[in-house]
2 protein chains.
Amino acid sequence: MGNKNISMAVIRRLPKYYRYLADLLSKDIQRISSKELSDIIGFTASQIRQDLNNFGGFGQQGYGYNVEALHREIGKILGLDKKYNAILVGAGNLGQALTNYSGFKNAGFDIKAVFDANPKIIGLKLRDYEIMDSDKLEEYIVEHNVDIAILCIPKNGAQDVADKIVNAGVKGIWNFAPIDLEVPNHVIVESVNLTESLFTLSYLMKEDNEI
Amino acid sequence: MGNKNISMAVIRRLPKYYRYLADLLSKDIQRISSKELSDIIGFTASQIRQDLNNFGGFGQQGYGYNVEALHREIGKILGLDKKYNAILVGAGNLGQALTNYSGFKNAGFDIKAVFDANPKIIGLKLRDYEIMDSDKLEEYIVEHNVDIAILCIPKNGAQDVADKIVNAGVKGIWNFAPIDLEVPNHVIVESVNLTESLFTLSYLMKEDNEI
DNA sequence: TAGATTGTTAATCGATTAACAATC
DNA sequence: TAGATTGTTAATCGATTAACAATC
């Protein structure tokens, strides 16, 4: 229950609301109207009210929204109060960078272990983690109740790894491999495709030149 | 000219077409119909034909599309044949990882220099680059005709850096700072917001649990 | 109370899908 | 030629914006 079939367009705006509300909070601003929020966030006031009303009536006529309460509510909607066990697979450059990424704790993701298939780095220390052999992936997932995997591995083999970890019980994947993973319906994949982002920038720069 | 006011929805599908066509090419597949492409890429055949026809009639009735020609054309549409001078600002974990990112050369982005504001790492070697002082940013941009900057810096100060580099002549920014940069109309910003992506994953995992 | 602003319905806009004539 | 499949127009669907009664 609770799911009124919210569109992805709305969902992807939620983190932005959350971020701007945190900014307001840090400036000790206590209330805000949809009009004022519109001015700083760039969505229309109408859209803001529509978006929020998908989840509840958080505002008050004649007053607007209480910044702290709305921030807290959106945090709950985003599931930031939930805790998940996570692992990181692929301790290359990007994987190492993400291991240091502070965002995980805000999202309630607890990185329990780091894996790699390269014998040259297995056993090495990376921050608080000793890099483990990818062969141990399934065993570890089952034993430690891992919910989420962060995949920082090359395109080749990514689907194989996804199959294995999903089989072992992983329910969500933050995917940095440049491939569209195929997973069962109950598994969530959120992909960050750097190449697609870069190519989009390339396209937009070209367009600009042409105008 | 050439810009028929293509929607962002279409633009963000282009890199995906390009990637799937490259896959087909590597499998020596020479022709493909919108129906067959639909089956592997997941968009409807109708959408594929609509998308492509924004840029020209690349197909042939009764035959379909020539994979190699279409791949090449989309590469041109994406501006991958164009060359740009780029710099990377912020040689922290993520900046270091991106310095090693092979995608830049495919997009025609030539990283000319790496900058950081931290005195402790200025002067150190990072791959082929000696990390330069961010104080030299504007001077360097003007002298070396830098078109594009990759920003891997913290939220605080990101807008200041953006203002400076735009002022010095940068026309495009690949932004990893978790902030919506304000830039003049002629400057393109493409942002990768890891926190927003992670929060989206958090939301989707929660939703699934509720169903 | 009067003014402000929400929550929500209705109108508009844009994107996706369906249909089919054109044509290879 | 007959069959296949495009390019393109028309229909549908969904998302955004506008409007306003409800109400704090």
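Since this is a predicted model, take the numbers as computed values, not measurements. Letters go in sequence order (proteins before strands), and every chain restarts at 1.
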Checklist entry - Tyr65(B) side chain N/O closer than 4.0 Å to the phosphate oxygens (OP1, OP2) of dG7(D)? => result yes
Checklist entry - For dT6(C), does either OP1 or OP2 sit under 4.0 Å from a side-chain N or O belonging to Ser34(A)? => result yes
Checklist entry - Do the rings of His71(A) and Tyr18(A) sit parallel, tilted or perpendicular, given the 30° and 60° boundaries? => result parallel
Checklist entry - Phosphate oxygens OP1/OP2 of dA4(C): is one of them under 4.0 Å from a side-chain N or O of Arg31(A)? => result no
Checklist entry - Nearest nucleotide by nearest heavy atom, which residue falls closer to the 5' end of DNA chain D, Tyr63(B) or Val10(A)? => result Tyr63(B)
Checklist entry - Between Arg49(A) and dT6(C), does any side-chain N or O lie under 4.0 Å from OP1 or OP2? => result yes
Next on the checklist: Using a 4.0 Å heavy-atom cut-off, does Phe58(A) contact any base of the nucleic acid, only the sugar-phosphate backbone, or nothing at all?
Outcome noted: sugar-phosphate
Item to check | Net bend of the helix from dG3(C)-dC24(D) to dC24(C)-dG3(D), end axes of five pairs each, nearest 10 degrees | outcome: 10°
Checklist entry - Does a side-chain N or O from Gln47(A) land closer than 4.0 Å to OP1 or OP2 of dT16(D), or not? => result yes
Checklist entry - Can we say Arg12(A) and Glu190(A) salt-bridge, meaning some charged N sits less than 4.0 Å from an Asp/Glu carboxylate O? => result yes
Checklist entry - Across the strands shown, which category fits Ser46(A) at heavy-atom distances under 4.0 angstrom: base, sugar-phosphate, nothing? => result base
Checklist entry - Do Lys171(B) and Asp147(B) meet the salt-bridge criterion of a basic N to acidic O distance under 4.0 Å? => result no
Checklist entry - Looking at Asp81(B) and Lys76(B), does any basic side-chain N land under 4.0 Å from a carboxylate oxygen? => result no
Checklist entry - Could one point to a donor on the side chain of Gln50(A) or the base of dT17(D) with an acceptor on the other under 3.5 Å away? => result yes
Next on the checklist: Salt bridge or not between Arg19(A) and Asp23(A)? Use side-chain N to carboxylate O under 4.0 Å.
Outcome noted: no
Next on the checklist: Return whichever of Gln60(B) or Ala9(A) has its heavy-atom-nearest nucleotide of DNA chain D closer to the 5' end.
Outcome noted: Gln60(B)
Checklist entry - Between Glu143(A) and Lys112(A), is there a side-chain N and carboxylate O pair less than 4.0 Å apart? => result no
Item to check | Interatomic distance where CD1 belongs to Ile48(B) and P belongs to dT6(D) [whole Å] | outcome: 9 Å
Checklist entry - Is there side-chain contact between Tyr101(B) and Thr195(A), with heavy atoms separated by less than 4.5 Å? => result yes
